[in-house]
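As the structure lists them, so they are numbered: ligands from 1, and atoms in each ligand from 1.
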Amino acid sequence: MAPPRPHAVVVPYPGSGNINPALQLAKLLHRGGVFVTFVNTEHNHRRIKASAAAALAGREDEDDGSFRFEAIPDGLAEADRAADAYDLGLSAATSHRCAAPLRELVARLNATAGVPRVTCLLTTALMGFALDVARELGVPSMVLWGGSAASLIGHMRLRELAQRGYLPLKDESCLTNGHLDTTIIDWIPGMPPISLGDISSFVRTTDPDDFGLRFNDVEANGCTKAGALVLNTFDGLEPHVLAALRAEFPRIFTIGPLGSLLDTEEEDATNGGCGGLSLWKQDTECLAWLDAQEPGSVVYANFGSLTVLTASQLEEFAWGLADSGHKFLLSIRDNLVIPSGSGDGGGLPAGFMAAAAERCSVTAWCPQERVLRHGAVGCFVTHSGWNSTCESVAAGVPMVCWPGFADQYTNCKYVCEVWGVGLRLDEEVKREQVAGHVKKAMEPAGEVRRSAAAWKAKAAEAVRPGGSSFENLQSMVKALNSEAPLKR
Ligand code: UDP
């Protein structure tokens, strides 16, 4: 008798930065023969349906019904959804209130005729409660850490930073007096010397009980409770940190860049790009605008799903882009700009479009991987989220980085100082610096572009048959077919 088909229940943290790579991974596993149940929160399920009903329906009806979507509540009260600390509030809500619905879901799946028994709970980072559920139920587990290997080891060492007296910060002055830049940490295995501030945004606290600090320490270290760790990176990109991590925890599958491994071309045709699901309606018209531009001539600026800007920061970015002299595609997400209270709606500065209309296109939420892979794009102004960084490395597009949250500082450090594929902006956005960095990154024969092209080639090599990420994916599917080794 044929062995039962492995069934992975994929449970991402409910933000785009985790949903996108989790979905890409889920699709790769499905291609490898794994039965997949992809679990969104009810809130996100509704949003995805509103923005891409066709993509959801299309996938659910696909072939033999072996890729299914389910939803569980995220535990957040409706009144709290607009709160400032939404991301941390969401973290608190999911970790305290999602275990029971997940347990019930697994029981229901196991009792459903035609659905194979759940053989793996595959969560993303920040979902430690799901690992506890897996252990309780005796189901093997894996964790997809949504960041780089460097950010993982950095966040794991938040605990040691506290033990050695670096955290919490002594007083508020440490936030602004250069302490975060001049305090160098040179004892994290596999990492080059790194400033305290570049390890994580969560070091920016004087409170020993700070929720962000505690939560990220616990969640990063908690990943190792899983049967295996999955990273959206490739061996050649972070060899030293990966060697250090593997010495502590050998069961690591590096299978990035996920978008390249998935070969997004095929996905784009059916699902509108970006791996298929989006919390925002995607604007594909910007692709037509890009089609009309010269190769390597456009600067693309996008700040991901969580970053917010003040109206004056947007103004500096907008004029900086315009002053660079290049054409640019600027993405202004619905809730990107903090309303100033004066009822200005948080858009572009007055007169800007009239002055720059010839050279710019404004989009809201676009199919980013397709944009970055478009031949017209020559540089990416980014908040340095890991997915964006990885997608840009894969596409060979140099970056101008403006990090501000979580692991973005670490990503920026590696981009600018280790891989040489980007330039870092100061925390205080100034149009002159934006324009200057963009000009430099856009230089056709410049060093940054040359490095970006070299890393693109290495990324492509990693996802080819025989390449490390390609082979690791095969090993991961094999591991899912023999559940015993994944039990912890
Ligand atoms: N993204 C997108 N369209 C946009 C902006 C972002 O599809 O207009 C995708 C992007 O390709 C990436 C994810 O959203 O996969 C953002 O993740 P990242 O880790 O870069 O940043 P976060 O949103 O978590 O801050």
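Checked by distance only, ligand 1 and N387 come closer than 3.5 Å through their nitrogen or oxygen atoms. Not one N or O of Q282 is nearer than 3.5 Å to an N or O of ligand 1, by distance alone. For ligand 1, the polar-atom distance check finds an N/O of S388 within less than 3.5 Å of one of the ligand's N/O atoms. The N/O atoms of S305, backbone and side chain alike, include one that comes under 3.5 Å of an N/O atom in ligand 1.
Contact of the L213 side chain with the D217 side chain is not registered, since no non-hydrogen atoms from C-beta on lie closer than 4.5 Å. Looking at heavy atoms from C-beta onward, M353 lies in side-chain contact with C360 at the 4.5 angstrom threshold. Under the 4.5 Å side-chain criterion, counting only non-hydrogen atoms from C-beta, S148 is not in contact with Y414. Residues V393 and M399 are in side-chain contact: their nearest non-hydrogen atoms beyond the backbone lie under 4.5 Å apart.
Within ligand 1, the atoms closer than 4.0 Å to a non-hydrogen atom of G17 are 17 (O), 24 (O), numbered from 1 in the order shown. Less than 4.0 angstrom separates some heavy atom of G385 from each of these atoms of ligand 1: 18 (P), 19 (O), 20 (O), 21 (O). Listed by atom number, the atoms of ligand 1 under 4.0 Å from G304 heavy atoms are 23 (O). Near W386, the atoms of ligand 1 lying under 4.0 angstrom from a non-hydrogen atom of the residue are 19 (O). Close contacts between ligand 1 and N302 involve ligand atoms 4 (C), 5 (C), 8 (O) [criterion: under 4.0 Å to a heavy atom].
Within the structure, ligand 1 lacks G15 among the residues with a heavy atom less than 4.0 angstrom away.
Around atom 15 (O) of ligand 1, the closest heavy atom drawn from E391, Q24, Q368, H383 belongs to E391.
Under 3.5 Å, the side chains of R214 and T205 contain no donor-acceptor pair of N or O atoms. Using modelled atom types, one finds a donor on one side chain and an acceptor on the other under 3.5 Å when comparing Q368 with S388. Using a 3.5 Å distance cut-off with no hydrogens or angles, the side chains of S331 and N302 do pair a donor with an acceptor.
Between F202 and F405, the angle of the ring planes goes over 60°, which puts this pair in the perpendicular group of the 30/60° scheme.
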